Amino acid sequence: MSEKQFKTINFTLNGKRVSTSVDVRESLSDMLRDDFGLTSVKKGCEVGECGACTVLVNGEVFASCIFLAIWVDGKDVLTVEGLVDVDGNISDIQQAFIDETAVQCGFCTPGFIMSAEHLLRTGKRYTRDELRKELSGNMCRCTGYQNIINAVEKAMNARLAKAGKE
Amino acid sequence: MYDINHIYEAKSVEDAVRLRMEQPQATIIAGGSDLLISIRAGDLAGCDLISIYMIDELRGVSLDDDGTIRIGSLTSFAALTKDDIIQKHVPVLGEAADKVGGPQIRNIGTIGGNTCNGVTSADTASTLMAYDAIIELTGSEGKRLVPIEEFYLGAKKVDLRPDEIQTAILIRPESYQGYEGYYYKYAMRGAMDIATSGCSVNVKLSEDKKTIVDARICYGVAGPIPMRTRSAEQAVKGLPVSKETVEAFAAGALQDVNPRTSWRATKEFRLHIQGELARRCLTESINRAGGVWS
């Protein structure tokens with residue numbers, strides 16, 4: 001590996017404009033964890049299969065372990081840390097995961113939360129089968145998925161009700 | 001940190017072509033969902049890369065004046081599935097793209113990468129080949145158009161010259177107008193899997209919907225590259241829409257395929273499912289085209 005090669009990139013991270021000098025060889029998950037301390041971004045498989053590193057880039061789900069950090073230049077990145085409100089309260093999806101016991105070891109949880117956040121932002125009503133398909137890029141080796149689907153469905157129903165769709 | 005020697009970032013197509021000529025040793029990286037994994041595994045450790053990912057002009061689907069569908073090579077699988085032009089004219093291509101990996105991969109991976117890495121299991125490749133897609137390559141002397149069947153030279157080998165990048169995939173109006181298609185991915189899991197075999201069929205029926213005017217079929221993982229089975233196509237042209245025609249189609253397909261035994265499946269098993277895929281895909285394509293069965 002050759003000497004360090006840095007590039008300055010500007011992007012929006014959890015709602016704030018940031019500018020940073022990043023090694024061009026870093027993955028997005030490397031940068032978020034090591035340079036910004038956002039350790040909700042988990043490194044599970046590091047080959048884009050487990051979904052533990054899922055973040056939103058311009059509102060869409062991305063596996064940050066197989067995406068170069070330099071590619072978020074000019075884009076909008078959201079991690080679980082960006083879901084808390086100004087008073088530090090956790091989001092409705094996070095609370096639903098707690099209420100439905102959708103967490104055991106917790107390693108996959110931030111990735112699931114971000115995938116769920118993307119789904120709920122669409123404002124669509126998903127069937128349980130559709131939720132399974134949309135969450136198929138996230139793996140959990142503890143829960144058997146049932147409670148995760150329950151939690152996402154619960155948060156979805158609550159948001160839709162609040163938006164006056166029910 | 002990836003074991004990359006140097007990354008050259010292209011800001012435009014011209015820039016990419018220049019970098020291709022200046023850095024002949026470098027590998028093109030689009031979305032990177034295959035390449036970064038190879039680098040991590042050590043297969044490409046220490047490589048030089050030309051990143052074309054930030055060239056936004058290569059994203060999106062548009063319709064040319066003559067009705068040609070133009071798919072920018074950096075269009076992601078997810079963007080392809082959601083695109084209005086694709087949904088209206090070749091919905092099967094959007095459906096095939098929706099079978100790739102999982103949601104996170106479908107936002108990262110590109111249709112250009114899916115074809116340029118020359119892999120037989122690529123979910124969009126069989127449908128593109130079944131629609132006689134044209135690959136647009138841009139090099140130092142301008143654009144070059146290559147039919148997708150000629151673009152594939154062998155396993156992991158494509159007709160991409162040292163000064164070129166792939167800039168678009170085209171589907172001509174005569175290739176899609178009046179056709180309805182269906183893609184079936186046979187894999188061990190419903191998501192996050194590579195096809196054991198895949199099959200894309202499309203069909204054009206007569207006005208009374210009782211006769212097959214034209215049928216095209218392309219397999220993934222029936223050989224080292226995506227494979228059209230012309231014996232099947234010729235066997236059913238002009239035949240009535242019937243169970244017997246579907247059987248003739250499957251029999252024709254099995255004359256041409258040549259799958260191998262790999263750790264994913266044996267040759268015998270692949271042959272079995274390939275016959276069944278031809279039946280199912282033709283049947284579903286006919287139904288989508290409003291076929292009247294006799």
Side-chain angles (χ1 to χ4, degrees), chain A residues 1-7 9 22-31 34 43 45-75 111-112 114-116 118-119 122 129-139, chain B residues 1-11 29-56 59 74 76-79 81-82 95 98-110 113 185 187 189-194:
Chain A
M1 211 178 281
S2 60
E3 72 284 5
K4 289 183 175 179
Q5 306 163 40
F6 286 105
K7 185 188 175 191
I9 59 169
V22 65
D23 192 302
V24 298
R25 300 163 296 188
E26 276 188 50
S27 67
L28 178 57
S29 55
D30 281 338
M31 179 178 77
D34 301 341
K43 293 177 84 171
C45 67
E46 292 188 60
V47 289
E49 287 183 4
C50 77
C53 67
T54 302
V55 300
L56 302 194
V57 177
N58 287 353
E60 301 288 346
V61 289
F62 276 66
S64 64
C65 72
I66 54 163
F67 195 73
L68 292 177
I70 51 173
W71 288 341
V72 299
D73 196 11
K75 298 192 173 82
F112 268 106
M114 294 318 291
S115 288
H118 162 71
L119 294 180
T122 64
D129 275 349
E130 285 167 345
L131 288 177
R132 281 191 191 93
K133 175 174 181 285
E134 295 299 331
L135 296 171
S136 64
N138 292 82
M139 295 195 186
Chain B
M1 184 92 75
Y2 284 104
D3 189 354
I4 297 163
N5 183 52
H6 196 86
I7 300 177
Y8 301 92
E9 284 190 89
K11 291 173 183 66
I29 184 165
S33 56
D34 285 316
L35 210 55
L36 289 172
I37 289 159
S38 296
I39 294 169
R40 186 178 181 279
D43 300 340
L44 282 168
C47 62
D48 286 336
L49 296 177
I50 296 171
S51 164
I52 60 169
Y53 189 78
M54 298 298 263
I55 309 177
D56 280 338
R59 290 197 165 80
L74 289 180
S76 71
F77 297 116
T81 303
K82 277 185 266 185
E95 290 161 11
D98 199 40
K99 300 284 182 197
V100 176
Q104 292 90 332
I105 303 292
R106 292 195 286 269
N107 281 322
I108 292 176
T110 66
K185 175 179 186 170
R189 297 189 292 261
M192 303 306 294
D193 205 351
I194 289 167

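The basis for the numbers below is simple: all heavy atoms, side chains too, and nothing from hydrogens, waters or symmetry mates. Worth saying up front: this structure is predicted, and the values here are computed from it rather than measured. Protein chains get the first letters and strands the later ones, always in sequence-line order, with residue 1 at the start of each.
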Residue A:D73 versus chain B: region with a heavy atom under 4.5 Å: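 Both parts, backbone and side chain.
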A:S29 versus chain B, the contacting section by heavy-atom distance below 4.5 Å: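 The answer is neither part of A:S29.
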Check [X] against [Y] and note the closest heavy-atom contact, atom names and distance.
{"X": "A:Q5", "Y": "B:I7", "result": "OE1-N, 4.1 Å"}
{"X": "B:M192", "Y": "A:G48", "result": "CE-O, 3.5 Å"}
{"X": "A:S136", "Y": "B:P103", "result": "OG-CD, 3.7 Å"}
{"X": "A:W71", "Y": "B:S51", "result": "NE1-OG, 3.0 Å"}

Part of residues 50-60 of chain A lying next to chain B, heavy-atom separation under 4.5 Å: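 Within residues 50-60 of chain A, the residues under 4.5 Å from chain B are A:G51, A:T54, A:E60.
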Best-contacting candidate, A:K133, A:M139, A:E134, A:E46, against chain B by heavy atom pairs under 4.5 angstrom: A:E46
Roughly how far, to the nearest 0.5 Å, is the [atom2] atom of [Y] from the [atom1] atom of [X]?
{"X": "B:I39", "Y": "A:S27", "atom1": "CD1", "atom2": "OG", "result": "11.5 Å"}
{"X": "A:I66", "Y": "B:D34", "atom1": "CD1", "atom2": "CG", "result": "8.5 Å"}
{"X": "A:M114", "Y": "B:Q104", "atom1": "CE", "atom2": "CD", "result": "11.0 Å"}
{"X": "A:D23", "Y": "B:Y2", "atom1": "CG", "atom2": "OH", "result": "13.0 Å"}
{"X": "B:R40", "Y": "A:C45", "atom1": "CZ", "atom2": "SG", "result": "7.5 Å"}
{"X": "B:E9", "Y": "A:L68", "atom1": "CD", "atom2": "CG", "result": "8.5 Å"}

Under 3.5 Å: donor-acceptor pair, side chain of B:N107, backbone of A:F62: no
Min side-chain heavy-atom separation A:V61-B:R106 under 4.5 Å: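 Contact flag for A:V61/B:R106 side chains = no.
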Top contributor to chain A interface from B:L35, B:I29, B:I108 [non-hydrogen pairs under 4.5 Å]: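 It is B:I108.
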